[in-house]
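So the structure is just underneath, and the comments pick up after that.
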Amino acid sequence: MKDVLTSKFIKEMCLTTANMYRLGWDERNGGNISYLLDEKEVAEYLDLNKVIREIPIGFEAKELAGKIFLVTGTGKYFKNVTDDPENNLGIVRIKADGKTAELLWGYKDGGKFTSEFPAHMMSHIARLKADPKNRVVMHCHPTYLLAMNFVHELEDRAFTRSLWQMCTECIVVFPDGVGVLPWMLCGTNEIGVATASKMKDYRVVVWGLHGVYGAGKDMDETFGLIETVEKAAQVYMLTAHLPRKNTITDENLVTIANHFKVNYRKDFID
Ligand code: 13P
Ligand code: ZN
């Protein structure tokens with residue numbers, strides 16, 4: 001059996017968490033990632049019959065029974081993942097009852113998956129229905145996007161439009177727009193249900209006055225999605241208080257969306 005630390009999926013997780021920390025999106029233990037793994041690939045590194053311990057999930061995720069996820073640990077710092085993956089990450093398989101996770105590797109110090117596990121698993125369920133290729137759900141606290149939450153109305157259409165207008169290619173990267181939730185208590189099943197409900201239509205969900213969720217088919221795509229949203233929020237915050245001399249018009253948005261043949265939210269255009 002090969003050493004799991006040499007696997008592509010652990011390397012990707014280390015690289016991504018390090019990049020997110022470097023960009024200031026994940027202070028302290030802020031942020032969490034879940035990555036749906038391919039069973040055959042995991043079997044090259046781990047004995048799938050060897051369960052280290054069982055961890056209750058706190059809700060039912062029957063749709064994900066048998067699926068294996070690499071997930072960041074609760075209370076763990078993204079800045080430390082690369083130096084100690086086995087303590088800061090875990091590989092879990094959802095049991096047939098949907099209520100329990102079987103730990104196959106990691107959380108070595110007795111820890112467990114992120115407190116946002118409900119939002120992650122419920123988002124995976126929603127996104128897999130929308131796109132069977134979806135594998136990654138990512139949460140973090142990007143600085144400018146968070147700042148924008150304090151000065152912009154928290155509503156899907158208005159928020160999406162403001163972001164689209166900040167960089168020409170935003171509408172190409174997230175043509176489906178951005179869903180926005182009001183402030184809610186994090187780490188609960190309720191915020192998980194609300195996030196998953198938005199994830200039916202959006203791959204980006206803003207958690208009002210908290211942070212953002214992104215979903216995608218792989219690490220790069222999901223990271224790039226959040227990176228693009230954060231860039232737009234940065235431009236917004238750098239210009240919001242200044243007189244606007246120029247703007248990307250709705251006509252411009254339609255022109256670029258048509259050129260790149262993306263299926264954008266038509267009802268978000270005036
Ligand atoms: P965890 O440390 O449990 O992953 O929580 C971090 C976080 O960002 C909560 O929203
Ligand atoms: Zn958070």
Side-chain angles (χ1 to χ4, degrees), residues 12 16 19-20 22-25 33 123 126-181 195-208 211-270:
E12 278 182 300
T16 306
N19 265 326
M20 292 169 79
R22 177 179 61 79
L23 290 165
W25 303 351
I33 303 177
S123 293
R127 286 314 305 167
L128 282 167
K129 278 183 193 149
D131 176 5
K133 287 208 180 97
N134 187 85
R135 297 193 90 82
V136 176
V137 173
M138 196 177 274
H139 166 62
C140 57
H141 309 155
T143 312
Y144 290 95
L145 185 63
L146 190 51
M148 187 174 161
N149 274 225
F150 291 87
V151 299
H152 195 286
E153 62 177 309
L154 296 175
E155 191 272 323
D156 299 2
R157 188 179 189 275
F159 207 91
T160 298
R161 286 179 56 76
S162 292
L163 293 176
W164 279 354
Q165 286 164 1
M166 291 304 112
C167 311
T168 289
E169 283 167 305
C170 271
I171 195 169
V172 180
V173 178
F174 50 100
D176 39 352
V178 169
V180 185
L181 290 178
T195 308
S197 171
K198 290 283 185 195
M199 283 276 182
K200 285 180 197 156
D201 300 316
Y202 303 105
R203 289 173 302 138
V204 180
V205 178
V206 172
W207 275 12
V212 68
Y213 266 73
K217 66 175 168 26
D218 56 36
M219 279 292 182
D220 264 359
E221 186 189 83
T222 316
F223 182 91
L225 195 56
I226 293 179
E227 190 179 29
T228 307
V229 167
E230 171 64 349
K231 176 65 174 269
Q234 181 175 10
V235 177
Y236 183 88
M237 291 310 295
L238 287 171
T239 56
H241 57 294
L242 301 171
R244 180 84 70 94
K245 291 266 172 76
N246 304 297
T247 195
I248 297 173
T249 65
D250 284 72
E251 204 185 335
N252 297 152
L253 290 173
V254 171
T255 303
I256 187 158
N258 287 338
H259 179 76
F260 283 95
K261 298 185 177 50
V262 292
N263 187 18
Y264 63 99
R265 282 285 299 246
K266 309 278 185 307
D267 56 331
F268 283 6
I269 296 286
D270 274 345

What's the shortest heavy-atom distance between [X] and [Y], and which atoms?
X: L225; Y: A215; result: CD2-O, 3.5 Å
X: V137; Y: S123; result: CG2-CB, 4.0 Å
X: I248; Y: M166; result: CD1-C, 4.4 Å
X: S162; Y: M148; result: CB-CE, 3.9 Å
X: V235; Y: C167; result: CG2-SG, 4.5 Å
X: Y202; Y: R265; result: OH-NH1, 3.5 Å

Heavy-atom donor-acceptor pair, [X] side chain to [Y] backbone, under 3.5 Å:
X: H139; Y: I33; answer: no
X: D156; Y: V180; answer: yes
X: R127; Y: G216; answer: no

Going by the ring pair (Phe, Tyr, Trp, His ring centres under 6.0 Å) test, which pairs reach into residues 214-270, not counting sequence neighbours?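 The answer is W25-F223, H152-Y236.
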
Under the rule for salt bridge (Lys or Arg N to Asp or Glu O under 4.0 Å), what residues qualify as partners of K217, not counting sequence neighbours?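 Here the qualifying residues are E221.
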
Under the salt bridge (Lys or Arg N to Asp or Glu O under 4.0 Å) test, which residues partner R157, sequence neighbours left out? D270

A quick test of your reading: do over 12 heavy atoms of other residues, nucleotides or ligands sit less than 6.0 Å from NZ of K261?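 Not buried by this count: 12 neighbours or fewer within 6.0 Å.
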
Out of curiosity, [X] [atom1] to [Y] [atom2], how far, rounded to the nearest 0.5 Å?
X: M199; Y: L128; atom1: CE; atom2: CG; result: 11.5 Å
X: M237; Y: F150; atom1: CE; atom2: CZ; result: 10.0 Å
X: L163; Y: Q165; atom1: CG; atom2: CD; result: 9.5 Å
X: L253; Y: C170; atom1: CG; atom2: SG; result: 9.5 Å
X: M219; Y: N19; atom1: CE; atom2: CG; result: 11.5 Å
X: N246; Y: T239; atom1: CG; atom2: OG1; result: 11.5 Å

Pairs satisfying salt bridge (charged side-chain N to carboxylate O under 4.0 Å, His left out), at least one member in residues 229-245, at least two apart: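 Salt bridge (charged side-chain N to carboxylate O under 4.0 Å, His left out) check on residues 229-245 returns no pairs.
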
Determine which pairs satisfy salt bridge (charged side-chain N to carboxylate O under 4.0 Å, His left out) with at least one residue from residues 246-259, sequence neighbours left out, and list them in order. R161-D250

Which residue pairs pass the side-chain hydrogen bond (donor to acceptor under 3.5 Å, both in side chains) test when at least one of the two sits in residues 166-175, sequence neighbours left out? none

Is there side-chain contact between P142 and V229, with at least one heavy-atom pair below 4.5 Å? no

Heavy-atom check, side chain of F159 versus side chain of N149, under 4.5 Å: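 Yes, their side chains come closer than 4.5 Å.
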
